[in-house]
There are 2 protein chains.
Amino acid sequence: MSEKITIYDIAEKLNITAATVSRALNNNPKIKESTRELVLKTAASMNYKQNKLALALKSGRSNNIGVIVPRIDSNFFASVIRGIEEELHPHGYQVIICQTHEDPKRENENLYTLIDAQVDGIIMSVTDVTNENDGAFHNVLQKNVPLIFFDRSKHIEGVSSVTINDFKGGYITTKHLIDEGCRSIAHFSGDQSLEIFKNRFLGYKQALLDNGMTFKEEYVIRTKSSVDAGKEAIDTLLKLETPPDALFSSSDFAALGAIQELKERNISIPNEFCVAGFSNEPFTKFMELSITSVDQSPLEMGKMSARVFLEQVDKTNTIKIEKKVVLAPELHIRKSSSRTNF
Amino acid sequence: MSEKITIYDIAEKLNITAATVSRALNNNPKIKESTRELVLKTAASMNYKQNKLALALKSGRSNNIGVIVPRIDSNFFASVIRGIEEELHPHGYQVIICQTHEDPKRENENLYTLIDAQVDGIIMSVTDVTNENDGAFHNVLQKNVPLIFFDRSKHIEGVSSVTINDFKGGYITTKHLIDEGCRSIAHFSGDQSLEIFKNRFLGYKQALLDNGMTFKEEYVIRTKSSVDAGKEAIDTLLKLETPPDALFSSSDFAALGAIQELKERNISIPNEFCVAGFSNEPFTKFMELSITSVDQSPLEMGKMSARVFLEQVDKTNTIKIEKKVVLAPELHIRKSSSRTNF
DNA sequence: TACTTTCGTGTAATCGATTACATAAAAGTT
DNA sequence: AACTTTTATGTAATCGATTACACGAAAGTA
């Protein structure tokens, strides 16, 4: 019933060799037109399907690309993956998904597994920069498999990356809050070992200094990216002697937590307190009190990563290309920080 | 540099044959303990990695499973995929993602591509039941590749499915609205050719009838799953001679649109009007006016689908098993429909 | 001692497709 | 006619691993 038709079956039926069949199917110009047509017709009638595994083994290319993300069920990562899939699909690549759950061990394991599976490239967002076990990464590079980081990257020679300008994201958001009249702006930061959070913080700080405002260490709180973490953090800030009157959060979820807590205390947003987040999660624009946030254009990031991969995949044996693409962040100003008009 | 170490390299180094190396690596009991240890040690020192493609070609199993979804960047599908990945990862399977964008042509194409890629199984959510081109599906079944539908399924003999009890979801939600004192409940439905929407509608209708309320055709509106579609639809309803005082929407997004429009008209929720959605999208619980919604436990649905696949994958040559798993929906009651206490 | 088992390893086919090289037939050239 | 070139196809190796079968050596049995 489930007969697997191979080129040998076709060859046998037509009394020719598999080599001829293969050539006919691949439009090799050395094949007589009549035989080609005959082979093509026979192949179709026998419902022949090329075995990609055999092809992959022979050619050394699997036409699969691995994508490693902390988790897939976050709007940001899902959108990036969507971008990657859409850009790569027309080129015949399939996307294999791996999750790390922020565990460096899983990250290494995934890298090894993907290499074992002979993927033609790996696009990933790093989990933990402090992961000292570079072995897995070097294993990838040594095998000449193109490696591309997106969003969260690591400094490894010969590795391309697609990120957004997080510094600018932090800067323009903070500047916006200043423009709205906020005078003491706090910041929720993330794991400072990750470049993205460090740069958002640096952009925030620079914007303060450039606009004649003082930077206060106590206004910077390291939080996890969750609603509860945001509630806790804002609580700490409000207990200060001189509490802030605005917040730039590196996480939309933490920003939401802060907003919920502020409302609880009857602090009016945006009049008494302005809030801005980061990532432009879908809910930020759905809220009644919509939340200002920085968009990272994840779809574009995914597509760009895929394009960088495509550029590299064929040249992999020549020179190591190291391409750093930096996308521009886009601030979406919404009610949570709009004192002027809305 | 990027030397690919094979069992032949190990064999050569040790002056034995590749067969022996293979057997040693696979813990074949016929191998002398000393040789096994020697091979294992040498393999490790040479950094040998088994070529999965060769293995796949030989064994006919790729250890890849294909997942087809309309789109990946929706919380529901992303969560299902997460569940699948987490359940299958320990078994050594990799997950290949395909998107259909609700296009039956893409659906067929993806099916063929996955079969070409020799996946060991396919887990999918159908795009369009009216898709008459069953060829792709039968091609899968004929090749004895386990096929599992989740959420949106199609009636095909020999195909297992994992769904939720949408009828019950519609029923309990409608009953809840009745219990809150609503007397004329409207319904936003989706594409009635999809079982899920038909069943939610039927559950809604039955709940009305069981509770002595009249079912009105004019209260049922077919909408797309978007905020704008919800706004439009509620507008239509409010123009009726006797407008409804509650809404059960098959889509959270449409429910949100309705809520935004109701607020615009200063209709108080939940006092004057109750709203409930479906899918339990993250934003429904984040809103200040949180939205009542039916949870479909997508993570569990993904895991269950994966388990059904695992059950079938080995028995595929024996009897065709057709397993229908139906998960229970869970109503999350929130502010948008809670008149009593919150 | 002669014969049978057991053990450990080698030989070679196989999975399905591609392709360098060889070769026979056809066509072109002088 | 003799020779060269072109065309179309066949032969066989290759990608890397697995495994049925074969076989020599060691061990066990009578």
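The figures that follow rest on heavy atoms only: side chains count, while hydrogens, waters and symmetry mates do not. First the proteins, then the strands, lettered A, B, ... as listed; each starts at 1. Because the structure is a prediction, the values reported are computed rather than measured.
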Value in whole Å for how far the [atom2] atom of [N] lies from [atom1] of [X]:
| X | N | atom1 | atom2 | value |
| --- | --- | --- | --- | --- |
| A/N63 | C/dA17 | CG | P | 15 Å |
| B/L14 | C/dG10 | CG | P | 10 Å |
| A/L57 | C/dT14 | CG | C1' | 12 Å |
| A/Q118 | D/dA17 | CD | C1' | 12 Å |
| B/K143 | C/dG16 | NZ | P | 12 Å |
| B/I7 | D/dT18 | CD1 | P | 6 Å |

Under 4.0 Å, heavy atoms only, any strand: does A/L55 hit a base, just the sugar-phosphate, or nothing? sugar-phosphate

I need a per-nucleotide contact map over nucleotides 5-13 of chain D, read 5' to 3'. Cutoff is protein heavy atoms under 4.0 Å; write B for the base, S for backbone only, - otherwise. ---BBBB--

For atom CD of A/E12, decide whether the heavy atoms of other residues, nucleotides or ligands shown that lie under 6.0 angstrom number more than 12. no

Within residues 43-53 of chain A: residues closer than 4.0 Å to DNA chain D (heavy atoms): none

Using 4.0 Å as the upper bound for N to carboxylate O, is an ion pair formed by [Y] and [X]?
| X | Y | result |
| --- | --- | --- |
| A/R82 | A/E85 | no |
| B/K303 | B/E300 | no |
| A/E102 | A/R152 | yes |

Please identify each residue that fulfils ring-ring contact (aromatic ring centres under 6.0 Å, His included) with B/F77, with sequence neighbours left out. none

Would you kindly say whether A/S45 and A/T42 are connected by a side-chain donor-acceptor distance under 3.5 Å? no

Looking only at heavy atoms, which two atoms of B/Q94 and A/I96 are closest? And how far apart? OE1-CG2, 3.4 Å

Nearest heavy-atom approach of B/V119 to B/I122 is CG2-CG1, 3.8 Å

Side chain of A/K4 only, please: which of D/dG16, C/dT18, C/dG16 is the nearest? C/dG16

Using only side-chain N and O atoms of A/S22, determine if any of them is under 4.0 Å from OP1 or OP2 of C/dT18. yes

Specify whether B/F150 and B/F76 have parallel, tilted or perpendicular ring planes, treating 30° as the upper limit for parallel and 60° as the lower limit for perpendicular. tilted

